[in-house]
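Throughout, protein chains are lettered first and strands after them, A, B, ... in sequence-line order, and every chain is numbered starting at 1.
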Amino acid sequence: MDSTQASPRPAGSAAPTDTNTDSINTEVRYHPAELEARWQARWAAQPDLYAAEPATSSKPKYYVLEMLPYPSGQLHMGHVRNYAIGDALARYMWMQGYNVLHPMGWDAFGLPAENAALKNNTPPREWTLRNIAQMRVQMEQLGLSYDWATELTTCLPDYYRWNQWFFLRMYERGLAYRKQSKVNWCPDCRTVLANEQVINGYCWRHEDTLVEQRELEQWFLRTSQYAQELLDGLDKLDGWPERVRTMQRNWIGRSAGATVAFTVEGSDDTVKVFTTRIDTIFGATSLQLAPEHPLIRAFADQDAELAQRVAALLAEQSSAREAGDVGGGAAGGFGNDARGGFNDDARGGFNDDARGGFNDIDKHGVFTGHYAINPFNQERVPVWAANYVLLDYGTGAIMSVPAHDERDFEFATKYGLPIQQVVREPNAGETPAALPFVAEDGLLVDSGEWTGQGCEQAQRAMTLFAKQHGFGEATVTFRLKDWGVSRQRYWGTPIPMLYCAKDGIVPVPDEQLPVLLPEQVEITQEGGSPLARMPEFVNAVCPRCGGPARRETDTMDTFVDSSWYFYRYTSAKDATAPFDTAAVAYWFPIDQYIGGVEHAILHLIYSRFWTRVMRDLGMIKNDEPAARLFTQGMVIKNGAKMSKSKGNVVSPDEMIPRYGVDSARLYSLFAAPPDRDLDWQEDGVAGVSRFLSRVYRFVMRHAERVHDAPLADAVASAAAVPLLRKLHQTLRKITQDFGGRWHFNTSIAAIMELVNQLTAADAEIAAGAIPPATLARILQTLVLMLAPFAPHLSAELWERLGKTDSILRHPWPKFDEALAREDAIEIPVQVNGKLRSVIRVALDASRDDLEAAARADEKVQAALKGKTVVKVVIVPGKLVNFVVR
RNA sequence: GCGAAAGUGGCGAAAUUGGCAGACGCACCAGACUUAGGAUCUGGCGGGGCAACCCGUGGGGGUUCGAGUCCCCCCUUUCGCACCA
């Protein structure tokens, strides 16, 4: 920023004046670029301008946060919209007297930096830090009210060392563990992915890349331990969108039922099945096991032909998955989604109909030749391997009840397995329901001692019976699995673990943290983490025995970084702890969190988990990170999501020189309600810019008149009455919008209406029809109302009005209900529900007054002529309706 | 397939509880001021009709004095879930 701009020019010489002599054109004109640069320089000279007061402040606190971005290097209008919403709220809350925390940071680890390193031969750290510097300049140009003193960058050791610290704490408590298991492998990322990062079988970053399953040893965090609590907590999160809560409920996927052990005939082995319908167990006509089930393996080991058929089943399964890929290929590149927050990592556009087909693949199965015994009725049932049974859900085995389950019915029909009905419709005499009959309101038949019971009663009784006889128990199953956090990538937090030949897995001691990520590293296309090829990183000393140890070379999922970052903003420079617990106790939970809905499952479930872990470590008191969540809509252009591949990305760098920051921001709030998608139209930005220009010229025309005037609402002239009324109506609406619906588009429309009315009275005002004290009130209130939305223009005009205090902390004005009240209102008069006239009556006109006034109206009389009035509907303050024949 | 949200002028959108449909803005049209206008100002702007008036909120029914708003059926779009036993 040019230092010569650091002080304001004296009033009157601010903007270049036009050379012509026209009376309107000689007026000062709105030059946003010059005005905004000047104010930004002034603000930059006050580094603590947006600093929150410490946690000891007596003011009520307000923590407003926008999701931190991935530093791609370029802001787009999705970011601008996200930040404009948060910034308006922060500024409003400051003016309302709150102690506001409004920080910003960088989600700076991640794959794009490695890709860029390969492409440009630039080290990931350098590329990332350069992008951050560029984007910070862009943010400063947007005039956003961030306290940069609390800025955090997740790829720097003073941040990621705490990822490692938390990892060790979780390891100590058994919440971080290592296991060999089947994991999701993205061949394009060349790393493992968490379940949350696989969407319909595809990689979340590579929407055309089918995720493979690999058997690997990996680090996991025990999210499943908190599954029930994460689910229960959703009921209390009434400040979160229902949509997000539903998505999380689906993801957690709680299912209550029972496990029942079937004995394998001719052996001591049992097969445990999970069922939510133990009441239908008398109708079980086979067991279906996942093809990968250990028992199937055991059978196959002794039966070459079976082994071959199971292998064929598995092969078919994977080829069916790939068939689902056909036709999905046109979806188009990375979803550089236009919403703000973590963006460039997030992809959109998953729901092409062409994909997802493999979810509904044909059912295939193989009979193993073995049988199992139903413990309830001692019947033999055949044991099958079936492709529709999932290994990693429940026990990987089911009892198949074709009469009462659609999938089992389909399978049994195909393979000719018996179908045994054990539940009938509750009302006798009805024609029997078609099978499969899946409702749970029926009565049991042919079910031994439970025959005649209702389904729910039987479920309880049969579960208890199984428990008492030692072959079953009530079981709750969750879809939510543990979070696989190992990544075979370089640009992430090193997992602070060592492998010693003698002592096994050994955690890095706290005092050796951070385990620094080496900066000089060769990024290649080869598989595996480049860290594994660096002896100076890998070779370490075992802290237990002093012998040689090998360092873990996997890094952490970048979602670890964003799982707790908002806590550190409260004490971002703390070198001794992840955060100051007293500061967190004051600031948490976040009062308002704002970001895109694409993290409804990912970031927002991980951070809810992390919060609970920290609570159980005794570090914090809150159960949830954020009391309120707002998911803003995307910015689209020409009917499509902004994306590089479509070439319709709009950068603030092109908008700002043309229209100014205030215009770009105001447009992003004006063009649509913030929760809806916004169609970017440059003409619309121009329109908003014209509006700000009208405000500027109007205030500047009359500013001199109000210098030194005391403020007064007192109505001293007839001309002032309608203007003051409109002023207070507008103020009331905006105040209510901030506290309620957040429909800033209509807030801004209301200010436009006010300005239209004021400029229409321009000549009167110029002629002195409004006393200076009243005019001062009007102009100041107008400027204050614009302050959350157009901070640069407001600051300028505030000063031009002769105010010397900072508008940033000036108290938000209070509306006056009496002044806002209309003294007369227009009431529609209908005849048979059709509008016939509008009458003007006193606000408190009685029913009789209304009817008399309506009947006196000429148009109403014409409409009633020759008709019989059957009824008159009168709603005082609303309408009059004559019902006639 | 299941669930949710949405569908209003040429465009973005308003209409907080059933009560004047289309606020506000864009685009467009006409005019003023101009040597000039991507500036500014004034007026117009859902459709039909000279008019009185009629029609109009995805389509069809219904409730009501009165429906964009409530109920039923259907269509379309978006989002979520989708062998979870």
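Comparing A/V883 and A/G396, the nucleotide of RNA chain B nearest to each residue sits closer to the 5' end for A/V883. RNA chain B is contacted by both A/A397 and A/I748; A/I748 maps to the nucleotide lying nearer its 5′ end (nearest heavy atom per residue).
Here B/A13 is the nucleotide among B/A23, B/G12, B/A13 with the atom lying nearest to any side-chain atom of A/P673. Distances were taken from every side-chain heavy atom of A/N756 (C-beta onward) to each of B/C81, B/G25, B/A85; the shortest belongs to B/G25. Listed nucleotides B/A15, B/G19, B/C55 differ in distance to A/R741; the shortest reach to its side chain belongs to B/A15.
Between the OG1 atom in A/T413 and the CD1 atom in A/I419 there is a gap of 4.5 Å [rounded to 0.5 Å].
The side chain of A/Y388 places no N or O atom within less than 4.0 Å of a non-bridging phosphate oxygen (OP1 or OP2) of B/A85. The side chain of A/N745 contributes an N or O atom lying less than 4.0 Å from OP1 or OP2 of B/A14.
Of the possible polar contacts, none joining the A/D737 side chain to the A/F744 backbone as a donor-acceptor pair under 3.5 Å is found. Here the side chain of A/T395 pairs a donor or acceptor atom with the backbone of A/K272 at under 3.5 angstrom.
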**Prompt:** Is there a ring pair (Phe, Tyr, Trp, His ring centres under 6.0 Å) between A/Y667 and A/Y659 once you walk through the steps?
**Reply:** CA-CA 10 Å; A/Y667 175 74; A/Y659 304 104; 9.4 Å; no
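The partner of B/U78 is B/A4, judged by Watson-Crick or G-U wobble contacts that both fall below 3.5 Å.
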